[in-house]
> 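First, the structure itself, so that you have it in front of you.
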Amino acid sequence: MNIPGHTAVPPARSGRWRGGEGPWAWWCAMAVALSLLMLGALLVLLMSRGLANFWPASVHQLTLADGSQVIGVPVETRQRPEDAGSERRYFTANRDASGGIWRWVNVEDIRQDSAPEDLVHIKRMRWSDFLGRLVAVNIDGRRFDGELAWQRLEERLDEIRQQRQLRRELEATQIIPLIRRLESSNGPESNHDPGSNSDDVRIHQQLAELQQQARDLQSGMTGAVLILETAEGRRLEQPLEEVDTVLRPNAMSAWQKVGRWSSGVWQYLSEGPRAANTAGGVWPAIFGTVLMVILMSILVTPFGVLAAVYLNEVAHQGRLTRLVRIGVRNLAGVPSIVYGVFGLGVFVYGIGGQLDEWFFAETLPSPTFGTGGLLWASLTLALLTLPVVIVATEEGLARIPMHQREGALALGATHLEMLTRVVLPMAMPAMLTGVILAVARAAGEVAPLMLVGVAKLAPQVPLDGEFPWLHLERKFMHLGYHIYDAAFHSSDVQAALPLIYATALLLVLVILVLNLTAIFLRHYLRTRHGAFARQ
Amino acid sequence: MARSRVNEAGELMSANRNSQDADIQRTRNGAIMDFPTTETSLDIKGLTLAYDGKQALRDLTLRIPRHRVTAFIGPSGCGKSTLLRALNRLHDLNESVTRQGSIHLEGHDIHDPRVAVAELRRRVGMVFQAPNPFPMSIYDNVAFGLRLQGGLSKRRIDDVVEWALKSAALWDEVKGRLRASAWSLSGGQQQRLVIARTLAVEPEVLLLDEPASALDPISTLKIEELIGNLKPHLTLVLVTHNMQQAARVSDYTAFLHDGELVEYGSTDTLFTHPRLRRTENYITGRMVG
Ligand SMILES: Nc1ncnc2c1ncn2[C@@H]1O[C@H](COP(=O)(O)OP(=O)(O)OP(=O)(O)O)[C@@H](O)[C@H]1O
Ligand SMILES: [Mg+2]
């Protein structure tokens with residue numbers, strides 16, 4: 001646009017900054033770039049450490065200066081102080097044969113470093129992994145050597161996996177529910193009337209039969225034994241039913257490794273934890289986290305919205321309302337552990353204890369609701385996130401133009417009809433924004449949960465085929481707590497570290513998915529009738 | 001039903017047409033009243049209204065004739081909108097508003113505690129300066145007031161929506177896209193949609209607060225035509241800053257200044273032979289503010 005007599009662009013005040021805007025724009029840009037960089041670094045770290053864990057790394061065989069043999073997976077190399085050369089840490093596994101699973105080796109001492117294809121990496125249920133060679137397989141007394149051993153081994157392993165799955169299902173769907181029924185009818189205070197007694201006898205019989213079935217399945221898995229050899233030449237016998245996977249990483253092609261990697265990731269996502277949370281999967285924790293967040297949203301949304309509507313639309317806008325509003329905003333800043341203490345005192349001991357006295361007196365003193373559980377954790381987090389929902393909804397309500405409300409009233413709507421038919425639908429995106437913020441806060445919260453219901457190990461998810469399906473009183477696992485537990489309460493943090501990274505990544509992804517769901521929901525609501533005008 | 005009521009109203013109107021004799025009077029605060037003997041729809045007596053103690057209307061007395069267009073004119077801030085909003089009790093929302101005096105609709109005091117405010121507002125519809133369709137489909141906007149009444153069949157609502165959109169001269173433009181968002185319409189269409197939405201609940205009085213001030217000349221013309229078409233069926237009250245518009249569409253004009261009624265009479269008389277100098281100055285554009 002050139003107006004005669006005016007220069008199109010005013011000259012910059014100083015030549016140093018383009019456009020004469022001064023340095024502030026650059027400072028802002030740098031702040032944004034720095035934040036993004038740190039976020040990116042965090043994600044890259046989590047991804048590389050977490051996901052690499054599932055990759056079948058190649059196994060090395062070393063010959064050291066003193067002639068001894070080492071078989072292991074290199075983990076890290078570090079420089080020793082004062083130019084004393086460098087040392088490398090190997091994951092050597094075989095806790096049963098050598099006592100430890102790590103070994104530091106002087107890099108200078110390595111005379112020979114090779115990766116023979118016959119080295120095996122076995123993931124076991126106990127004693128952590130095995131690294132070494134497969135000598136032979138003994139199946140029901142018959143011995144197989146060489147390639148034939150591999151074939152038989154893999155067939156047998158598949159069978160065992162199927163049987164293990166069957167046994168797990170039998171336990172989860174039949175045996176555990178029966179045991180629960182026995183527990184609930186055999187409380188210490190229950191009087192032994194003959195009716196319930198004969199009932200008990202029947203259940204006991206049923207249980208005995210089922211347990212026999214489970215034992216049969218278990219014994220069907222035995223019979224195969226691997227004969228293994230460690231680097232030092234020691235022979236080991238490993239029953240096959242305690243083996244999870246057997247790999248020859250050095251003999252695998254890249255595609256096989258990708259396949260192994262993805263099935264490893266899948267196992268991690270779909271199975272329960274093993275070895276005191278330092279190995280195995282995190283499915284119960286994923287389930288617990290998501291279920292708790294969903295319950296929390298269901299609890300917090302109506303309360304938050306009603307409170308915001310009252311504050312903004314119904315209450316007299318006087319000093320008291322302003323005071324309440326300031327109070328609500330400040331509640332958002334209260335440390336979460338304080339809410340945890342409140343939940344423990346009021347929900348768990350107060351309300352839960354009372355419920356137990358009224359409805360579960362026969363099982364006392366073992367508590368039903370009077371101990372931490374899914375319901376109390378969700379309620380505590382709902383309380384924690386309530387201010388967020390109230391504030392967001394209130395802001396949304398305040399943004400709705402007066403003339404929209406008047407338009408509804410002028411058509412003969414009552415105050416309530418105006419609220420429910422015009423104001424609340426228009427405030428829906430703001431409410432969802434509040435819920436999104438609440439979900440983001442609640443999903444990552446761990447401290448209060450430790451007081452009100454999270455468990456170190458609760459492989460039974462709180463949702464199953466047993467009436468009433470959703471078990472609000474049960475303890476549950478949580479990804480955040482899982483990380484804390486594996487990192488601080490496991491005997492070998494080094495061994496758990498890759499899974500901690502993977503779990504941290506997963507926690508971030510779960511929150512991301514929860515948020516994206518809410519954001520898409522909001523977007524859908526926004527676009528349904530065109531964009532809302534911005535005043 | 002809507003149509004039958006309108007027909008009835010049309011007949012009523014033609015029955016009243018011959019009683020146009022003027023009846024000049026001077027009110028307490030010296031305003032000139034030149035009021036027709038046609039039947040009164042809204043009867044305002046001694047209305048004083050204050051925001052937070054600051055008076056916006058002072059002792060206003062005025063009768064609005066049934067099935068005529070009455071225009072309120074006056075400089076900005078003189079209280080036209082305030083008066084209009086008093087007629088359907090929209091001031092109830094604002095706790096700082098105090099009121100003395102009375103307003104009667106068809107002989108009944110609208111401030112009577114027995115009056116249901118929502119029903120009063122249905123009978124006295126209002127269209128605001130800025131179009132304010134709800135963020136719903138065109139159809140839902142028009143059906144909004146009907147659904148509030150409840151108990152109407154889907155067919156009946158369809159019929160009334162069509163009738164209301166036709167009455168508001170919008171049907172031809174939107175009949176193919178009733179499910180589209182009302183916010184996708186142009187400003188002029190939105191204002192006619194708002195009028196249709198108001199007509200759908202069959203009000204007796206329609207209050208229009210500068211309905212065309214945000215519109216282009218063609219949309220304005222359409223709204224003016226619409227007002228003319230509605231006149232036989234409804235009592236219309238129009239606030240406008242446009243003298244030509246007031247002269248074109250209204251039968252009676254009230255000139256307000258500083259919260260007081262200055263002169264009120266038939267539009268012809270007021271524009272051609274204003275009785276007071278103040279009125280003349282304003283309508284000829286010699287008075288500013
Ligand atoms: N909500 C309110 N609170 C306080 N004072 C108000 C409010 N609304 C209007 N007023 C005051 O009342 C007086 C009359 O206002 P009103 O809106 O009725 O004027 P108007 O004649 O409609 O003006 P315009 O032609 O500009 O729309 C003005 O002095 C205004 O400042
Ligand atoms: Mg106004």
Side-chain angles (χ1 to χ4, degrees), chain A residues 309-322 325 393 395-433 521-535, chain B residues 81 84-85 87-96 116-138 140-150 179-185 190 193-194 196-203 205-209:
Chain A
V309 166
Y310 182 80
L311 280 180
N312 208 57
E313 307 285 327
V314 184
H316 173 75
Q317 298 298 318
R319 189 170 304 174
L320 186 66
T321 311
R322 270 207 302 280
R325 195 168 284 141
T393 309
E395 279 169 5
L397 289 174
R399 267 204 305 269
I400 294 170
M402 199 59 198
H403 64 76
Q404 287 284 337
R405 299 158 197 264
E406 288 178 343
L409 291 176
L411 287 173
T414 61
H415 201 78
L416 185 67
E417 286 166 337
M418 171 194 86
L419 279 179
T420 54
R421 292 175 192 226
V422 174
V423 174
L424 286 184
M426 284 183 82
M428 191 68 85
M431 288 174 213
L432 278 170
T433 303
L521 195 66
R522 179 177 62 177
H523 182 75
Y524 167 74
L525 284 175
R526 260 198 195 144
T527 47
R528 224 171 75 185
H529 292 303
F532 287 107
R534 300 209 172 267
Q535 246 106 335
Chain B
S81 300
L84 218 56
R85 296 159 67 86
L87 299 182
N88 66 356
R89 289 182 58 180
L90 266 187
H91 288 306
D92 287 12
L93 293 183
N94 189 339
E95 288 163 5
S96 68
V117 190
E119 174 61 9
L120 169 76
R121 293 198 185 119
R122 185 199 60 77
R123 290 173 64 189
V124 184
M126 182 154 187
V127 172
F128 300 83
Q129 177 171 6
N132 60 346
F134 303 128
M136 315 166 178
S137 69
I138 295 170
D140 289 340
N141 259 280
V142 184
F144 184 89
L146 295 169
R147 289 184 178 144
L148 291 177
Q149 294 166 18
R179 297 286 160 193
S181 166
W183 290 13
S184 66
L185 296 175
Q190 285 189 9
L193 176 67
V194 171
R197 177 175 86 180
T198 313
L199 292 177
V201 295
E202 299 169 32
V205 181
L206 184 56
L207 310 173
L208 301 150
D209 193 351

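Proteins come first, then strands; the chains are lettered A, B, ... in the order of their sequence lines, and each starts at number 1.
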> For A:Gly407 and B:Asn132, work out which heavy atoms get closest and say how close.
CA-ND2, 3.4 Å

> With chain B as the partner, which of A:Ala408, A:Ala413, A:Gly412 has the greatest number of non-hydrogen pairs under 4.5 Å?
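Highest number of heavy-atom pairs under 4.5 Å: A:Gly412.
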
> Which atoms of B:Glu95 are under 4.5 Å from chain A, going by heavy atoms: the side chain, the backbone, both sets, or neither?
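The answer is the side chain of B:Glu95.
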
> Where does B:Arg147 contact chain A at under 4.5 Å (heavy atoms): side chain, backbone, both or neither?
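It is both, since atoms from each part get that close.
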
> What's the spacing between B:Arg121 CZ and A:Thr414 OG1 if we round to 0.5 Å?
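Those atoms lie 10.0 Å apart.
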
> Output, in order, the C-alpha distance, side-chain angles, deciding distance and verdict of side chain to side chain contact (heavy atoms under 4.5 Å, CB included) for A:Glu406 and B:Arg85.
CA-CA 10 Å; A:Glu406 288 178 343; B:Arg85 296 159 67 86; 2.4 Å; yes

> Determine whether A:Leu411 and B:Arg197 make a side-chain contact, defined as any pair of heavy atoms from C-beta on separated by less than 4.5 Å.
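Yes, side chains in contact.
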
> What part of B:Phe128 gets closer than 4.5 Å to chain A, counting heavy atoms only: side chain, backbone, both or neither?
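Side chain only.
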
> Which atoms of B:Thr198 are under 4.5 Å from chain A, going by heavy atoms: the side chain, the backbone, both sets, or neither?
both

> Can you say whether A:Arg421 sits under 4.5 Å from chain B via the side chain, the backbone, both, or neither, judging by heavy atoms?
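Both parts, backbone and side chain.
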
> What part of A:Met418 gets within 4.5 angstrom of chain B, counting heavy atoms only: side chain, backbone, both, or neither?
neither

> Do B:Pro135 and A:Gln404 come within less than 4.5 Å of each other through their side chains, counting heavy atoms only?
yes

> By a 4.5 Å heavy-atom criterion (distance strictly below it), what part of B:Leu148 contacts chain A: side chain, backbone, both, or neither?
both

> Where does B:Leu93 contact chain A at under 4.5 Å (heavy atoms): side chain, backbone, both or neither?
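Only the side chain of B:Leu93 comes within 4.5 Å of chain A.
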
